[in-house]
Structure formats: structure tokens, C-alpha cells
Participant: 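Sharing a structure below in C-alpha cells format, with a few things to ask.
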Amino acid sequence: MKTRPTLTAANRRRRAYVSLPIVGGLAVIVLAGTTYIYHRNTRALEMQGRVQARMDDLHREDGMLRAVLHELPKVLVSSMREGSALDRERHSWRAVFATALEDSGAGAIAPEELGIDGGRAWVSGNTGASALLGIDELVSPLVPNRFDFLNPGTVDQTELLFDRSLGMKLPAPLAPAEVEGFSEGEYPLLSPAKTLVAGWENGVALEPGAFPNYNLIDRPRVKLDGLPGTGGKFVARRNWWAFGVNFDRFEGRGATPGSRSRRFLLSLYEVPVRAPRRRGFDLLERLDSGMAAADLVIRDEDGFPRRATSAPWSIRAARLALPAGSEFLHLAEEEGVDITRISPVGWNAYSTGAGQCAMRLRILELKSPDEPVPTALALDFRATGEKEWGRIELRRGQNWPESGAGAADLPFQTRRLEDGREALVVMPPKLPAFLNSLPEAAGSEVNRSLCVLADESVASLAEGIVVRVAESADLTAFPEGFSLVTALGLQFDGSVNTHASERTPQGWPENLPCHPAVSFFAGEIDFAPAPGGIRIEGEVHEMGSGDYTVPVDDEGNPLPAGAKWKSRGVSVHTPPLEHPAQLPPVFFKDWLLTLEEIR
């Protein structure tokens, strides 16, 4: 019979010693696993916090950049007005960025704004509520220069333009429009003097020397309704500025995923358009009251709309139609060189048709109140040499004959129309020879736009006078185009600009007749009966009736003044704008602003 050994105290201790390593090992394993899980969860929470902070930064950055598109036009328009130089800080780039930051709500939220006692301890749940270092740290130039916030897109920014990582990604620069005391890098400046320069052709299709103002340039990667041009190019002038933004520069915060200074290109395209304009408005007043949703369209590179919290790589774009209406036809108060203005060009001279005209024909005197026949005219024209303007007065009985050999050479006459109205007859083909006979006058390559208006002393009596365009079938004497602007009624007594030029400029579209670019703007348009009808090659805009639609003829060509034109045998042919040589001296234009990241 077998017996079971007795379990002594010594045997029990030996078994306990064997269990201790096993239990200890298991404890270490459990502790290590718990520590790993805790550490992993801690890192995940930390990473999630950083990602959330980065997303918040991106949204705040996006809000500020969108606000820049809203603020820049306001500053540009205001800087073109008299007195802007008296408030330099308000019209600086610093003000543009600082106001955009404030208006977008992207800055830090102060406790008192939330109704919280700032002296008490409080915790914000907003990941972006950290204190900003200031706009000076948020925005900076891409390449260090003497300016605080950006690099202007001008030819003097050679360090930027020749930078190995940036130069080929930037569009062609413009000649700077700097004026005394103000520079492109400190103040947003816009001027017709900003032109392309030979040798800089990135994004430009035609020779800058031949087309220094408006050229055929790369079309921005946005799809906005009504934007002229086809394919990858369109006619415009591109002003641009480059800057960097870093929203990760917060006090007490370390680097977050993707943290870096992002590089942006801000562009303002001056885009010619041929569509008739609605009744005018004060652009600055409208911008101050806030742009309507239709005026600020944000789309990505494929043209799909995005919400306000769009991805940071989408192109932000805003389009603004400059004012046009009855004010477009009137010559505002002379602006000239104004030392109280920041911009080198005044707003009226930039935005109105009358202000852009190189020649101004004024009716000085009438025969009598009962017989409003002009008896004295004054023609102001661009002069040569040191003088900016020259003038000649034409008076009946002195140097303005009604008939005879001398009268045949003059571009202006008077005539009583078939309906009894008095007309001031303008014959544009005679203007070049007339200008050449004046010692001080520049040639027709400069004086190629005419504004007809009445002097204040006779304005009320001259309202019934009609400006009649005559003998204008051949306008090839103005190879670079001709424009006429008047607030009076305008009448055509025959076809206009039906003769094509023999030479075509560089890059002219194939199979398109090359007619000089012409445009006419008036308060009211009328046509005299003409055998065979009237054909006009160019733009004709009737602007005294406010809003109007654009009827078309049987071929689909626009008739901007009304359907009655078609019934009177009138054909107005305005081809699509495909080449800068198709631009007349005076035309409507839009501002297209884009802001995109430089990659």
C-alpha cells in the first residue's frame, strides 16, 4: 500500500518561491501593457489636439485671406480719391491685412468680449483663442526686402524674380507706379502707368513691347460666369503681390503638423468687358456696406463651388464690375496731379469714360436761347513737350467757317437735322490732319478718344443738341482705335468703321477682318435714314436709360441700344474680345481678384 508524502513547511516555502517569478513576470507584463496603452492614448490625444489646432488655424487663415479680397478694392478706390494722402496708415498694406484679420474674426478673442472677468482664471474651449503675436509676425515678404509685408510684382524686385524656387512660378512683373512719398510695397497702387516690360514674358502671349498695357495673358483657374476670353488665355492686365502667412506663430504653442509659412500670390486683373452695364453705383459705398454673395464667388481649380471653410488649396476669387451709367458720360471735376492723393491716377480719370478721353470738345457759346446752334467750340487735346494739355478755340466769323475750302478740312460743323433739331457734326477721319496742323498737339496715336460736352454756361440750353457722327465709314486713320463719349444724344448718319486695315498685329486671330477698335458711349442713340441701312463695326452703348437688355440681330450680333435698331436696318457687329488690338481707347472693365497658394 502506497502512502502520500507529508507536505512539510519547507516544501511549502519552495513551492511559494517558484510562484513568485511567475506572478512578478505577469505583473510586469500587465504594467508594461497598461503603460503602453496609456502612452499611446496620450500621444493620440496630443496629436488630435495639434491637428485640431492646425485645422482651426487653417480656417482662421482662410477667413483672413478672403477678407483681404474684400478689403483691397476698398483701399484702392479710396486711395484714388482726394485727401487719401492725409490718412496714410488707413491706405497702407498694413491696414489691408490688419483690417482683414479683424473683420474675419481670426484674431484672438478677449475675455471681456465674452462677458468674462479678465482677472479671473478661465479656460477657453476655442483652440484658436491663443494670443496672436501681431500682424507683423503673421504676414511677411517671401524674399526679405525693405517692405514689411510683401513683395510687389514689379521689375525692381530682382531678388524675388530671380529666386530659384519662386521665379518661374510668378507671372510677368510690371513697371512700378511709384509716386513721390508712396511705393508699391507700402501702399496698394493701381495706374495705367503700370505696364509690361520687354524681356519679362512669363504668362504673356504677345510681345510686351507691342502691347505693354493689356496683353493676352494666362487665364486664372477659376470659372466665373461672364468672364471674357476663351481657352487658356484672355485679354487683361495683371497686377500682383506675393507674401507669406504663418498662423502657427502663437505664444506658447509648439510646432503643429504641417506647420510652415505658406506662400500666396494676390492678383488683381483689370479685365475689359463688352457687355452693356447696369445703372452705375458708388463702388466705395457699396464695398463699405458689404459685397453681395454674387459678387464674391469662391471656386476651386475645377470650377466647383466650395463652402466658406474651403480647403486651403482652393483659389479664392472675387469679381467687381466698375461703375458705369450716366456718370460714365460726364467729365467730373478736374483731378490732375493732386498731392493729397496717394494714387498716381484719380478715381474719375480711371473709372469714367469721359475722364479717360484724350480730347475734350466743349460747346462754349450758342447763337441764342431760341436757336441753340453752337457758335464757339474749345478743343482740349494732349500736347507734346512739357505741356500736358493744349487748347484751340473755334469761333464763327473767325477761324470756323461754315462753308468753303477752309470748312472742308475741319472735323467739326453744325447742321439742322431733318426733324428740326440742331446737330454738332463730328467727322473723326478729319481729326488726324487737323491735329497735325496744330503746333502743340500730339498725333492721333495719342489723341484718339473724344469727349463732347457743353460748358456750364450753356449746358441747360445745349441739352437738345445732337452729336452727329458723319463720314466715318473709313476709320483706318486711327489704326489703334477711336472712341467717342458724350452725355448728349448721339446720331449716326451712315455706316461706321466698315473698312478693314491692311496690316494685322502680332497674334491676330486667323480669318478675322482687322477693323480699328472703336467704341461709342452716349445718353441716347439714334440713326438717320440711310440707303442700304447702317452697319457699325465696334461697340455702341446707350447709357441714359439705366438698366437695359441686349437684343440681337438675325445673326446673333448684340444690339446694345434696343430692338428698334434692327427694325431700322441697323447692324452692330462686336466680335468677341480675343486680342488686345481689339480694345478701343475707352471701354468697360471689371476687377477680378484672385488669391492662390504658390506651390
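For this chain, numbers begin at 1 and follow the sequence in order. Hydrogens, waters and symmetry mates are skipped; everything else that's a heavy atom, side chains included, is used.
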Participant: Can you tell me which residue pairs pass the ring pair (Phe, Tyr, Trp, His ring centres under 6.0 Å) test with a partner in residues 425-452, sequence neighbours excluded?
Facilitator: none
Participant: Give me the one residue out of Lys367, Glu422, Arg396 that meets side-chain hydrogen bond (donor to acceptor under 3.5 Å, both in side chains) with Thr414.
Facilitator: Arg396
Participant: Going by heavy atoms in the side chains, are Gln413 and Met427 under 4.5 Å from each other?
Facilitator: yes
Participant: Say you draw a straight line from SG of Cys451 to CG of Leu361; how long is it, rounded to the nearest 0.5 Å?
Facilitator: 9.0 Å
Participant: Sequence neighbours left out, cut at 3.5 Å: what donor-acceptor pairs do the side chains of residues 204-213 make with other protein atoms?
Facilitator:
unit_1 : atom_1 : unit_2 : atom_2 : d
Glu207 : OE2    : Gly209 : N      : 3.4
Asn213 : OD1    : Arg237 : NH1    : 3.0

Participant: Contact between Val496 and Leu475 at the side-chain level, heavy atoms closer than 4.5 Å - yes or no?
Facilitator: yes
Participant: Any side chain to side chain donor-acceptor pair (under 3.5 Å) pairs touching residues 442-451, not counting sequence neighbours?
Facilitator: none
Participant: Keeping to residues at least two apart or across chains, list the side chain to side chain donor-acceptor pair (under 3.5 Å) pairs with something in residues 473-482.
Facilitator: Asp474-Thr476
Participant: Go through the structure and list residues passing side-chain hydrogen bond (donor to acceptor under 3.5 Å, both in side chains) with Thr486, not counting sequence neighbours.
Facilitator: none
Participant: Checking Ser267 against Arg238: is there a side-chain donor and acceptor pair closer than 3.5 Å?
Facilitator: yes
Participant: Only pairs at least two apart or in different chains count here, so list each side chain to side chain donor-acceptor pair (under 3.5 Å) that has a residue in residues 399-412.
Facilitator: none
Participant: Distance from Leu190 atom CG to Leu76 atom CG, nearest 0.5 Å?
Facilitator: 5.5 Å
Participant: For the pair Ser343 (side chain) and Met80 (backbone), establish whether a donor and an acceptor sit closer than 3.5 Å, ignoring hydrogens and angles.
Facilitator: no
Participant: Applying side chain to side chain contact (heavy atoms under 4.5 Å, CB included), name anything that partners Ala175, two or more places apart in sequence or on another chain.
Facilitator: Thr195, Val197
Participant: Less than 4.5 Å apart, side chain to side chain, heavy atoms only: is that true for Phe587 and Arg274?
Facilitator: no
Participant: At what distance, to the nearest 0.5 angstrom, does CD of Gln582 lie from CG of Leu512?
Facilitator: 5.5 Å
Participant: With distance as the sole test, does Trp240 use its side chain to make a donor-acceptor pair with the main-chain N or O of Ala172 at under 3.5 Å?
Facilitator: yes
Participant: Is it the case that the ring center of Phe521 lies less than 6.0 angstrom away from the ring center of Phe588?
Facilitator: yes
Participant: Can you name the ring pair (Phe, Tyr, Trp, His ring centres under 6.0 Å) partners of Trp200, sequence neighbours left out?
Facilitator: Phe162
Participant: Do Val426 and Glu471 pass the side chain to side chain contact (heavy atoms under 4.5 Å, CB included) test, and can you show the C-alpha distance, the side-chain angles, and the key distance before you say yes or no?
Facilitator: CA-CA 9 Å; Val426 177; Glu471 302 179 19; over 6 Å; no
Participant: State the CZ-CD1 distance between Phe520 and Ile536, to the nearest 0.5 angstrom.
Facilitator: 7.0 Å
Participant: Who pairs with Arg391 by side chain to side chain contact (heavy atoms under 4.5 Å, CB included), at least two apart in sequence or on another chain?
Facilitator: Arg362, Ala378, Asp380, Glu393
Participant: What verdict does the side chain to side chain contact (heavy atoms under 4.5 Å, CB included) test give for Arg360 and Trp389, after you've listed the backbone C-alpha separation in whole Å, the side-chain angles of each residue and the deciding distance to 0.1 Å?
Facilitator: CA-CA 10 Å; Arg360 299 163 182 177; Trp389 291 93; 3.7 Å; yes
Participant: Are Val570 and Phe492 close enough, and set up right, to give a side chain to side chain contact (heavy atoms under 4.5 Å, CB included), and what steps lead you there?
Facilitator: CA-CA 10 Å; Val570 177; Phe492 298 94; over 6 Å; no
Participant: Side chain to side chain donor-acceptor pair (under 3.5 Å): which pairs involve residues 499-522, sequence neighbours left out?
Facilitator: Ser483-Ser519
Participant: Evaluate the side-chain proximity of His91 to Ser78: yes if any heavy-atom separation is below 4.5 Å, no if none is.
Facilitator: yes
Participant: Tyr214 and Phe234: ring-ring contact (aromatic ring centres under 6.0 Å, His included), yes or no, with the steps?
Facilitator: CA-CA 10 Å; Tyr214 290 83; Phe234 77 140; over 10 Å; no
Participant: Going by the ring pair (Phe, Tyr, Trp, His ring centres under 6.0 Å) test, which pairs reach into residues 457-481, not counting sequence neighbours?
Facilitator: Phe478-Phe482
Participant: Report the distance from atom SG of Cys514 to atom NE2 of His579, rounding to the nearest 0.5 Å.
Facilitator: 8.5 Å
Participant: When rounded to the nearest 0.5 angstrom, what is the spacing between OG in Ser472 and CG in Asn497?
Facilitator: 9.0 Å
Participant: Only counting residues at least two apart or in another chain, list the ones meeting side-chain hydrogen bond (donor to acceptor under 3.5 Å, both in side chains) with Glu463.
Facilitator: none
Participant: Testing Val373, Ile465, Asp455 for side-chain contact (heavy atoms from CB on, under 4.5 Å) with Ile363, which one passes?
Facilitator: Ile465
Participant: Contact between Pro73 and Leu320 at the side-chain level, heavy atoms closer than 4.5 Å - yes or no?
Facilitator: yes
Participant: Flag the pair Asn202 / Pro171 as yes when at least one side-chain heavy-atom distance between them is below 4.5 Å, and no otherwise.
Facilitator: no
Participant: Taking only Lys NZ, Arg NE, NH1 and NH2, and the carboxylate oxygens of Asp or Glu, determine whether Glu82 and Arg341 approach each other closer than 4.0 Å.
Facilitator: no
Participant: Any donor-acceptor pair under 3.5 Å linking the side chain of Ser351 with the backbone of Trp347?
Facilitator: yes
Participant: Below 4.5 Å, heavy atoms only, C-beta onward: do Leu377 and Leu364 meet side chain to side chain?
Facilitator: no
Participant: Quick one: do Arg421 and Asp526 make a salt bridge, cutoff under 4.0 Å?
Facilitator: yes
Participant: Quick one: are Glu524 and Glu542 in side-chain contact, heavy atoms under 4.5 Å?
Facilitator: yes
Participant: Has Lys430 got its NZ or CZ under 6.0 Å from the middle of the six-membered ring of Phe412, at an angle within 45 degrees of the ring axis?
Facilitator: no
Participant: In sequence, state the C-alpha distance, the side-chain angles, and the governing distance for Val485 and Leu450, and then conclude on side chain to side chain contact (heavy atoms under 4.5 Å, CB included).
Facilitator: CA-CA 6 Å; Val485 180; Leu450 177 68; over 6 Å; no
